[in-house]
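Basis for what follows: all heavy atoms, side chains included, without hydrogens, waters or symmetry-related copies.
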Amino acid sequence: MQTEPNTIAAEAAARGMKVAFSRPDSLRPVVTNFCPGCTHGIIQRLVAECMDEMGIEGTTVGVAPVGCSVMCYDFFGCDMIEASHGRAPAVATAVKRVHPGNMVFAYQGDGDLASIGMAETIHAATRGENITIVFINNAIYGMTGGQMAPTSLPHQVTQTSPYGRDAQTAGYPIRVCELLSTLDGVAYLERVCADSPKNVRKAKKAIRKAFQYQQEKRGYTLVEVVATCPTNWGMDPTQAIGWMQENMLPYYPLGVYKDVVADGFENAAEAAFARAEGCPMVADYGKDGE
């Protein structure tokens, strides 16, 4: 039997007890259908905790595209929109422009964001759309059968690379944070992980910071989460964590890849004009503020 929102807290308060840990109100009381050991559930809980703590559930709109991410609309209590494969940034852009006062985020996997949706990803970022992307990088297509993804590692075995990814024919993996860090519209980028309590806390801090920057109208924000896919990797959850730590983290180093506020700017636009100060036309445009 599922517990309704706030029931645990209410019962504890009636008994004079304090709740130390319970389901976030922004996470609906439903049974999740992620595979054992998948870290999607951890990250979605962190997103919900941030919504609770910031008091924004009622003004937040999430976008769920195709793939394992599509099930977000079952789990989050905020308004959710389903987007076509790869089109989440475009849908999020439309929502934000129509409702600029709302918090708008897209929750995307690597096949969705970095393959069919790469154009939307690049252009939303370079336009500086004031939206937040939570990007799950597990180096494989999850829901559709375990095919090679844009983030699959060299020599990684998948359903469509049974002898391992051949960089000479399939190219090299895309490092999304490094790629987007070159774009002027980006305000904040951080790569995190959820393989330990310490890293889970860091991941939550990054997600909340991305949301806060959106509230403050600083520009495009993205948090990349290096994750596991035990089912399609053919491993148990413990093995998958170990494989990710040994192979993925060296290729996808954790850390902040861009933070315009830390660099001393108010927002991405101010940082962009500062980088272009040697161009008179751009400098004059920035001074006019138009």
Side-chain angles (χ1 to χ4, degrees), residues 26 43 46-63 78-79 88-108 113 117 120-137 175-192 201-225 254-277 279 282-290:
S26 296
I43 301 306
L46 298 184
V47 173
E49 287 180 355
C50 289
M51 283 195 278
D52 279 8
E53 293 170 9
M54 298 174 71
I56 59 173
E57 179 190 349
T59 56
T60 295
V61 179
V63 182
C78 62
D79 288 336
V91 174
T93 294
V95 174
K96 188 67 177 185
R97 291 191 179 194
V98 173
H99 300 286
N102 283 36
M103 181 70 67
V104 180
F105 75 95
Y107 186 97
Q108 298 182 260
L113 180 145
E120 283 76 6
T121 295
I122 292 291
H123 289 285
T126 202
R127 290 194 307 267
E129 298 293 346
N130 196 42
I131 59 177
T132 297
I133 309 297
V134 179
F135 166 48
I136 308 301
N137 174 7
R175 293 182 171 99
V176 170
C177 279
E178 289 87 336
L179 176 66
L180 296 183
S181 68
T182 66
L183 303 179
D184 283 335
V186 176
Y188 175 66
L189 297 168
E190 184 167 358
R191 182 181 290 133
V192 298
R201 288 192 293 271
K202 286 184 177 180
K204 179 179 176 181
K205 184 178 179 181
I207 293 169
R208 175 147 185 175
K209 189 172 187 177
F211 280 175
Q212 287 174 334
Y213 276 22
Q214 184 182 156
Q215 276 190 330
E216 295 160 359
K217 302 179 180 179
R218 300 192 188 276
Y220 177 97
T221 58
L222 178 143
V223 177
E224 176 180 347
V225 185
L254 307 182
V256 177
Y257 284 81
K258 191 168 187 178
D259 186 340
V260 295
V261 176
D263 290 338
F265 300 102
E266 181 66 23
N267 51 46
E270 183 178 290
F273 286 124
R275 284 191 292 275
E277 63 181 356
C279 175
V282 175
D284 291 343
Y285 179 91
K287 290 176 183 177
D288 294 339
E290 298 178 355

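The shortest distance between side-chain heavy atoms of H123 and T93 does not fall below 4.5 Å. Between I122 and L180, the closest side-chain pair of non-hydrogen atoms falls below 4.5 Å. Side chains of R175 and E224 form no contact here, defined as non-hydrogen atoms less than 4.5 Å apart. Within the 4.5 Å cutoff, side-chain heavy atoms of Y220 are placed close to those of I131. The shortest distance between side-chain heavy atoms of K204 and E49 falls below 4.5 Å. The shortest side-chain heavy-atom distance between I133 and Q108 falls under the 4.5 Å cut-off. Inter-residue side-chain proximity for M51 and C78 is flagged as met; some heavy-atom pair is nearer than 4.5 Å. In this structure the side chain of V223 reaches within 4.5 angstrom of the side chain of V192, judged on heavy atoms.
Once rounded to the nearest 0.5 Å, the distance linking CD of E129 with CZ of R97 reads 4.0 Å. Put simply, CZ on R191 and OG on S181 are 9.5 Å apart, with the number rounded to the nearest 0.5 Å. Between the CD1 atom in I43 and the OH atom in Y107 there is a gap of 6.0 Å [rounded to 0.5 Å]. Between E216 atom CD and N130 atom CG the span is 10.0 Å, to the nearest 0.5 Å. Residue F273 holds its CZ atom at 9.5 Å from CG of D184, rounded to the nearest 0.5 Å.
Only one option out of L189, T126, T121 pairs with L183 in a side-chain contact (heavy atoms from CB on, under 4.5 Å); it is T126. Screening K209, Q212, R218 against V261 for a side-chain contact (heavy atoms from CB on, under 4.5 Å) leaves a single residue, R218. Each of V134, T132, D52 was compared with V47 under the side-chain contact (heavy atoms from CB on, under 4.5 Å) criterion, and only V134 meets it.
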Intermediate values then yes/no, side chain to side chain contact (heavy atoms under 4.5 Å, CB included), Q214 and V104: CA-CA 8 Å; Q214 184 182 156; V104 180; 4.0 Å; yes
Step-by-step side chain to side chain contact (heavy atoms under 4.5 Å, CB included) determination, K202 to L254: CA-CA 10 Å; K202 286 184 177 180; L254 307 182; over 6 Å; no
Working for side chain to side chain contact (heavy atoms under 4.5 Å, CB included), residues I56 and Q215: CA-CA 10 Å; I56 59 173; Q215 276 190 330; 3.6 Å; yes
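Ion pair E53/R208 flagged as a salt bridge, since at least one NZ, NE, NH1 or NH2 atom sits closer than 4.0 Å to an Asp/Glu carboxylate oxygen.
Considering every non-hydrogen atom in both Y213 and A187, the closest pair reads CE2-O, 4.2 Å. Considering all non-hydrogen atoms of both residues, P89 and A124 come closest at CB-CB, 3.9 Å. For the pair V260 and A271, the tightest heavy-atom approach, listed with the atom from each and the gap, is CG1-CB, 3.9 Å. Nearest heavy atom pair, residue A106 against residue A88, reads CB-CB, 3.8 Å. Closest approach of A48 to S26, counting heavy atoms only: O-CB, 3.6 Å.
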